[in-house]
Amino acid sequence: ITRKPRDAVWTPKPSSKPVTQPQPFALKSEQLASQRGAERDRVLDKIARDKNMLPEERWPYVSTRAEVRPTPVPDFASMHAHAPQPRTTTAAELRRAAVEEER
């Protein structure tokens with residue numbers, strides 16, 4: 001294994017890539033200001049439109065101003081009368097019989 005001496009000076013490798021030439025910077029602040037003004041006007045128009053339109057007329061609340069007809073309360077007693085009775089298990093029947101015998 002050959003090692004470089006510690007006192008050796010580092011020299012960069014010759015580059016095969018061309019050197020990039022800097023371009024002059026031109027700040028286009030006038031163009032940006034006009035674009036910003038148009039964007040601001042568009043946003044202000046949207047805000048004014050939203051103030052004129054009621055919140056209930058926008059997306060999640062679209063149908064809240066529609067007429068809502070009341071619905072009668074369901075008769076749960078009659079609904080449960082037609083329901084099948086719960087079935088009991090053998091263990092439940094034996095438990096009930098054991099309790100009745102003790103009485």
Side-chain angles (χ1 to χ4, degrees):
I1 298 175
T2 59
R3 295 187 177 196
K4 294 181 181 179
R6 289 184 179 229
D7 297 334
V9 178
W10 178 77
T11 56
K13 289 183 179 180
S15 176
S16 62
K17 295 181 182 179
V19 177
T20 305
Q21 295 298 321
Q23 300 292 327
F25 179 75
L27 181 63
K28 301 175 184 177
S29 51
E30 293 84 21
Q31 291 176 354
L32 292 175
S34 66
Q35 289 175 357
R36 199 174 301 127
E39 177 77 18
R40 187 174 195 281
D41 292 341
R42 188 168 56 248
V43 169
L44 290 175
D45 288 343
K46 284 184 178 182
I47 290 172
R49 190 172 352 120
D50 282 346
K51 282 184 181 178
N52 291 334
M53 185 185 295
L54 295 173
E56 292 87 9
E57 294 177 0
R58 292 197 295 258
W59 166 63
Y61 311 106
V62 171
S63 63
T64 56
R65 292 220 168 210
E67 182 181 340
V68 179
R69 297 180 182 162
T71 56
V73 178
D75 184 14
F76 292 110
S78 66
M79 290 171 61
H80 289 295
H82 300 298
Q85 295 296 322
R87 298 190 326 198
T88 60
T89 61
T90 307
E93 290 174 6
L94 291 173
R95 192 178 310 115
R96 186 178 310 117
V99 170
E100 288 177 4
E101 285 177 10
E102 289 180 8
R103 288 185 184 173

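Since this is a predicted model, take the numbers as computed values, not measurements. Residue numbers count from 1 along this sequence.
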Which pairs would a plain distance check flag for residues 17-25, meaning a side-chain donor or acceptor within less than 3.5 Å of a matching protein atom at least two apart in sequence or in another chain?
none

Could you give the side-chain donor-acceptor pairs of residues 80-103 under 3.5 Å, partners two or more places apart or in another chain?
residue	atom	partner	partner atom	Å
Thr88	OG1	Glu93	OE2	3.0
Thr89	OG1	Ala92	N	3.2

Which side-chain N or O atoms in residues 36-44 pair as donor and acceptor under 3.5 Å with protein atoms at least two apart or in another chain?
residue	atom	partner	partner atom	Å
Glu39	OE1	Arg42	NH2	2.2

